[in-house]
Structure formats: C-alpha cells, structure tokens
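Read the numbers this way: they start at 1 and go in the same order the structure lists the ligands and their atoms. As a basis for the values below, the full set of heavy atoms in this structure was taken, side chains included, without hydrogen atoms, waters or symmetry mates. Computed from a predicted model, the values in this text were never measured in an experiment.
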Amino acid sequence: MTMTAPLAPTTTSPDVAGSALADELAAGLPAGAVLTDPDVVASMSRDQAAWAPHGRPAAVVRATCTADVVHVVRTCLRHGVPVVARGAGTGLSGGANAVEGCVVVSLERMDRVLEINPLEQLAVVQPGVVNDDLRAAVAEHDLWYPPDPASSPWSTIGGNVATNAGGLCCVKYGVTRDYVLQLEVVTGRGEVVRLGRRTAKGVAGYDLMGLVVGSEGTLGIVTEVTVRLRPLPAPAVTVAGFFSSVVAAGAAVRAVGEAGLVPSALELVDRHCLRAVDEWKNMGLSTEAEVVLLGRFDEPGELGEGLAEQMVACFRAAGATWAERSTDEAEAEALFAARRLAYPALERLGPVLTEDVCVPKEQVPEMLARIERTAVRRGVVIANIAHAGDGNLHPLLVTPPGDVEARARAEAAFDDIIADALALGGTVTGEHGVGLLKRDGLTAELSAEVLAMHRAVKAALDPAHLLNPGKVFS
Ligand SMILES: Cc1cc2nc3c(=O)[nH]c(=O)nc-3n(C[C@H](O)[C@H](O)[C@H](O)COP(=O)(O)OP(=O)(O)OC[C@H]3O[C@@H](n4cnc5c(N)ncnc54)[C@H](O)[C@@H]3O)c2cc1C
C-alpha cells in the first residue's frame with residue numbers, strides 16, 4: 001500500500017501561488033469566500049482517512065452558488081492549479097485530501113433544498129445539503145430518500161454522489177446511483193452542463209451522469225442534484241442475534257440469503273465495537289456476545305413480522321447463542337445507534353484504518369475467517385462492522401497512537417485483506433471509494449485495458465487534469 005505516496009506539487013509552492021491566485025479568486029467571489037488563514041486552510045486539507053497523505057492547499061473557497069464554482073475552475077485553469085472538491089470531509093479513502101498547492105472548493109454553504117415534488121417523487125438539492133436534512137425535509141411530504149450512509153448526520157449529498165455512497169438500507173434499496181436522476185456539473189473546462197433527466201425513464205445518449213456518480217471529484221464538480229424519492233416505508237421490525245464468532249455470524253448472513261430473505265438492513269457489529277461504544281456512551285450494551293447481527297424488515301404488519309421470524313430461524317440454525325425479534329423499539333434503535341457510533345467510538349482508542357471490501361454473500365464466512373487469521377498473523381487489533389447483507393465488510397484496523405511498528409503491521413494487514421477479497425471474487429471498495437488508499441487495489445482489480453479506459457474518460461472530460469488529480473488512479 002502506498003500510504004506515503006506524495007501528492008506531488010503540480011504547480012509552484014502554495015506560498016508563491018497563494019497570494020496572486022487568492023487575489024484573482026477573491027475578485028470574482030463574495031466577500032469572505034476565499035480563506036487563506038493557515039489554520040483554517042489546514043483544517044480543510046484532509047478527510048477522515050487515517051494516514052492518507054495530503055498536501056497544503058493554497059486557498060479554500062467556500063462556494064455559495066454555481067457561478068462561484070465556475071469562477072474558481074476558470075481561474076485555476078489559467079493558473080494551472082488543481083481543484084479539489086470537498087463536502088463534509090467524512091470520506092474514508094483520502095478522496096477530499098488536498099493536493100499540494102491546490103484550491104479546495106468547499107460546497108458546504110450550498111445547502112438549500114430547492115424543490116420537493118410529490119407528484120414526480122423527486123427533490124432538487126444543492127450539493128452541500130446534509131443527507132439527514134434531506135431525509136427530514138422529504139419526510140414532511142411522506143417521502144423517503146433511501147441511501148443512508150452511517151455518516152448521514154454529517155455527510156453531504158454532493159459527497160454521497162461523488163462517492164456513490166452506500167449505507168444500511170442498500171441491501172434492499174440500492175445505493176446512491178440508483179436515486180440520482182440529474183446532475184448539474186462544472187467540468188474541468190469550466191463549463192456548466194446538465195446530465196441525466198427528470199423523467200422516470202430516458203435513454204437518450206451515453207450515461208454521462210452515471211460516469212460522474214462515484215467519480216470522486218475527478219470528472220466534475222457537482223453543483224445541483226435531482227434525486228428520486230420513494231414513499232415512506234412502514235415502521236421496521238428488528239431482529240437481533242448473538243453469535244460466538246464472526247465466522248458463525250457470517251454463516252447466518254449466508255443462510256439469510258439462501259432463504260431468499262431481503263431485509264431492509266442486515267448489519268454486523270463485533271465485540272470490539274460494542275465495548276468501544278459502551279466505554280464512550282455507557283449505553284449498557286450486551287458484552288455477552290462476540291458478534292451481534294441486526295436485521296430489519298419494513299414490510300407492513302404481519303408480513304414483516306413473519307419475515308422477521310424467518311430470520312430468527314436462520315440465525316438459530318446457523319448457531320446463534322441467542323436470537324429474537326425485538327418487541328422493544330427503543331432497544332432496537334439503541335442497537336442500530338451503537339452500530340452507527342462504532343467508528344467514532346473506535347477512533348477514540350487510536351488511529352483507525354478502515355477497510356471497505358465487498359465479497360459475494362456466499363464468501364462472507366470465509367472472508368471473515370481470513371480477516372481473523374490476518375489479525376493474528378500480523379498482530380493487529382481488527383474490529384469488524386459490516387453491511388453484512390451486502391457482503392460489504394469494514395474491518396477496522398486499530399493501532400495505538402504513535403506506534404510506528406503497529407502502523408506498519410496494520411498497513412500490511414490492509415493489503416492482505418484486499419488480496420483476500422479479490423481472491424474470493426470481491427472488490428477492493430464497496431462504497432467508500434478509491435481516493436488515495438485504494439489506488440493500488442484498483443490497479444490489482446482492473447485489467448490494464450479497463451484502466452486505460454478510465455484514463456481516456458478522464459482525459460476527455462478534464463483535459464487539463466485539473467480536478468482532484470492523483471485520486472482514484474495516477
Ligand atoms: C462515521 C462514518 C460512517 C460512514 N459510513 C458510511 C457508509 O455507511 N456508507 C458509505 O458509503 N460511506 C460511509 N462513510 C464515508 C463517507 O461518509 C462517505 O464517503 C460520504 O459520501 C462522503 O461525503 P462527504 O460530504 O463527507 O464528502 P467528502 O469526504 O468531503 O468528499 C468525498 C469525495 O467526494 C468528492 N466531492 C465532495 N463533494 C463533491 C461535489 N459536490 N462534487 C464533486 N465531488 C465532490 C471529494 O473530492 C472526495 O473525493 C462513513 C464515514 C464516517 C466518518
């Protein structure tokens with residue numbers, strides 16, 4: 001893994017470029033939009049990916065409208081300065097990390113919900129709208145925006161689109177891509193284009209909108225998003241199962257798939273995570289189980305309850321030490337809250353290197369077994385949370401602060417896990433994106449021909465290689 005790969009300067013040093021560039025940027029932007037204070041700029045220079053390298057931005061621009069973004073891109077084109085888009089900075093792959101001497105464009109101030117259309121079941125939003133805020137706004141119309149990354153209280157729709165974010169309910173409802181209808185995008189040429197359409201169907205031309213979804217800020221800066229909505233689902237029925245090992249829990253995940261059940265969530269949380277959450281929030285969670293599986297069904301009434309009972313049976317048949325349908329909604333919600341808090345809880349113990357591999361469902365038990373063996377072989381604490389129903393596993397490699405040797409072991413374990421996922425027919429990233437951390441993994445996963453296609457698309461849409469250079473592939 002090339003954790004220390006430098007983000008090579010693509011222009012003169014930030015100190016030299018900064019002043020002239022900042023003046024030109026400021027001339028076309030609202031007062032206060034350009035930030036050059038070193039502390040402020042430093043605070044916007046990286047995301048949440050531990051150990052991913054980052055450069056020093058020359059400036060940060062807090063865009064307020066599409067015209068601001070166009071001005072930034074055109075100014076940077078003239079200066080040959082890279083532009084890095086930034087949402088909330090919750091990314092876990094280094095995608096929003098500054099390139100040396102770049103301008104970081106923060107989209108957080110573009111945070112208005114522009115339209116909610118119950119007839120068409122769509123919403124139009126600016127990119128800085130926070131995921132949970134969109135969900136709350138559309139819920140007032142009995143509508144629902146399904147993609148729910150565990151970062152939904154903080155992450156932005158622009159960032160979700162740029163990473164094609166997944167989440168808990170994707171096992172039934174799909175990922176961000178399945179809900180994007182239309183995008184307004186500022187290209188690397190400084191042009192504003194509309195991609196996709198508002199209609200329910202439409203096949204005119206290549207799917208250029210689909211190319212931008214998941215492109216991690218390398219093909220365009222998203223300045224407006226039209227999303228598809230659904231009616232609000234029925235209240236969910238929750239199933240909890242305790243297991244004595246991650247492998248047993250993995251077998252239960254496979255059993256649920258084999259039974260043809262499609263839950264609206266199927267999450268795995270192991271004892272490292274539960275303990276970390278307990279130590280932080282004192283939630284009184286069970287420490288009796290090595291692993292907890294949490295399932296949900298949102299079919300109404302008896303149908304949902306029947307499906308939940310079938311899941312309980314799958315859990316028990318796979319060796320659960322305890323499995324029940326929850327009758328206490330507050331208790332069920334606490335377990336899901338613990339799942340969402342697992343990552344920040346572990347971060348309190350030391351730097352966390354987050355994996356994001358995804359394997360076929362039938363390989364979940366084998367992949368979890370390999371992760372356990374890797375932890376022992378490399379001498380690394382590996383906690384596990386997973387969108388298990390998707391086969392999307394998040395082994396979390398926790399190291400003591402400042403322990404250089406532990407870090408090296410964790411980096412080696414990170415590579416082992418990627419190699420195992422590929423060997424089992426999986427992918428190096430299920431939802432977090434390639435960013436910087438998975439560039440080697442992408443090269444291992446894709447053929448040379450397919451990588452060449454990626455480079456050809458990049459060269460066509462961003463010929464100056466202005467947008468987030470060095471991310472996804474070099
Ligand atoms: C606690 C925690 C839980 C998480 N859980 C999940 C999860 O369940 N599922 C999941 O998929 N991810 C998860 N993540 C990862 C992260 O939240 C997602 O990748 C999210 O989509 C990033 O959104 P953001 O607004 O923070 O974007 P940022 O981190 O700011 O940026 C992410 C990428 O998008 C680009 N970008 C941002 N905005 C734009 C824009 N407007 N136009 C073009 N490019 C842009 C950036 O350049 C960068 O490459 C989690 C992260 C944390 C910290």
Side-chain angles (χ1 to χ4, degrees), residues 44-50 52 54 63 66 69 73 82-99 102 104-111 125-133 147-171 175-177 183-188 212-225 265 267 273 277 336 339-347 352 354 356 358 385-387 390 392-394 396 429-438 462 467-472:
M44 310 276 272
S45 67
R46 61 173 312 150
D47 65 13
Q48 294 289 312
H54 65 93
T66 302
V69 178
V73 170
V83 180
V84 177
R86 180 184 174 88
T90 67
L92 291 170
S93 62
N97 284 11
V99 175
C102 74
V104 170
V105 185
S106 164
L107 284 308
E108 274 183 303
R109 281 193 176 172
M110 293 178 66
D111 61 356
V125 302
Q126 292 186 312
V129 170
V130 167
N131 181 301
D132 270 358
D133 293 345
D148 60 345
S151 59
S152 63
W154 318 285
S155 64
T156 65
I157 297 299
N160 293 171
V161 168
T163 55
N164 190 18
L168 280 67
C169 74
C170 299
V171 60
V175 296
T176 300
R177 181 188 303 286
L183 295 176
E184 181 188 83
V185 175
V186 177
T187 70
V212 172
V213 177
S215 66
E216 304 185 41
T218 63
L219 298 181
I221 300 180
V222 175
T223 48
E224 189 185 288
V225 187
E267 297 289 310
C273 299
V277 173
F336 272 94
R339 155 57 185 101
R340 291 192 171 87
L341 288 170
Y343 180 78
L346 283 168
E347 262 194 319
V352 178
T354 308
D356 176 39
C358 190
I385 48 176
H387 304 304
D390 287 318
N392 188 187
L393 312 180
H394 295 313
L396 302 162
T429 173
E431 58 180 20
H432 294 164
V434 176
L436 292 167
L437 293 186
K438 293 289 174 73
D462 179 25
L467 301 178
N468 218 359
K471 308 296 174 60
V472 185

What residue and atom, counting heavy atoms only, is the protein's closest point to [atom], and at what distance?
atom                    : value
atom 2 (C) of ligand 1  : S151 CB, 4.0 Å
atom 11 (O) of ligand 1 : G166 N, 2.9 Å
atom 28 (P) of ligand 1 : G89 N, 3.6 Å
atom 15 (C) of ligand 1 : T90 O, 3.7 Å
atom 35 (C) of ligand 1 : A162 CB, 3.5 Å
atom 32 (C) of ligand 1 : T163 CG2, 3.8 Å
atom 12 (N) of ligand 1 : H432 CD2, 3.5 Å
atom 29 (O) of ligand 1 : G91 N, 2.8 Å

The side-chain hydrogen bond (donor to acceptor under 3.5 Å, both in side chains) partner of T429 among D356, N392, T163, N164 is D356

So H387 and H394, would you call those rings parallel, tilted or perpendicular, with 30° and 60° as cut-offs? perpendicular

Ignoring angles and geometry beyond distance, decide whether [X] reaches within less than 3.5 Å of ligand 1 through its nitrogen or oxygen atoms.
X    : value
R339 : no
N160 : yes
I221 : no
Y343 : no
E431 : yes

Apply the side-chain contact (heavy atoms from CB on, under 4.5 Å) test between N160 and each candidate in V225, V213, T176; give the one that qualifies. T176

Suppose I only count heavy atoms of [X] and a 4.0 Å limit; which atoms of ligand 1 are within that range?
X    : answer
N468 : 47 (O), 49 (O)
A96  : 30 (O), 31 (O), 48 (C), 49 (O)
G217 : 43 (C), 44 (N)
P127 : 41 (N)
A165 : 11 (O), 21 (O)
L107 : 41 (N)
G220 : 43 (C)
E216 : 47 (O), 49 (O)

Part of [X] within contact of ligand 1 (heavy atoms, under 4.0 Å):
X    : result
A150 : both
K471 : neither
T223 : neither
V222 : both

Treating [X] as the side-chain partner and [Y] as the backbone partner, does any N or O pair qualify as donor plus acceptor under 3.5 Å?
X    : Y    : value
R86  : R46  : yes
D462 : L219 : no
S151 : W154 : no

Options G95, P153, A88, ranked by nearest heavy atom to atom 24 (P) of ligand 1, top entry: A88

Kindly identify the option in P147, A49, A85, A342 whose heavy atom sits closest to atom 47 (O) of ligand 1. A85

Would you check, one step at a time, whether the test side chain to side chain donor-acceptor pair (under 3.5 Å) holds for D132 with S152? CA-CA 5 Å; D132 270 358; S152 63; 2.9 Å; yes

Pair K438, S93 - check side-chain contact (heavy atoms from CB on, under 4.5 Å), show working. CA-CA 7 Å; K438 293 289 174 73; S93 62; 5.5 Å; no

Between E216 and K471 (salt bridge meaning N to carboxylate O under 4.0 Å), is one present in this structure? no

Going by atom types only, do N131 and S155 share a side-chain donor-acceptor pair under 3.5 Å? no

I would like to know whether E184 and T223 meet side chain to side chain donor-acceptor pair (under 3.5 Å); could you show each step before the answer? CA-CA 5 Å; E184 181 188 83; T223 48; 2.6 Å; yes

Check step by step if side-chain contact (heavy atoms from CB on, under 4.5 Å) holds for V212 and V222. CA-CA 8 Å; V212 172; V222 175; 4.0 Å; yes

Before you tell me yes or no, could you show the steps for D47 and T90 under side-chain contact (heavy atoms from CB on, under 4.5 Å), namely the whole-Å CA-CA distance, both residues' side-chain angles and the distance that decides it to 0.1 Å? CA-CA 6 Å; D47 65 13; T90 67; over 6 Å; no

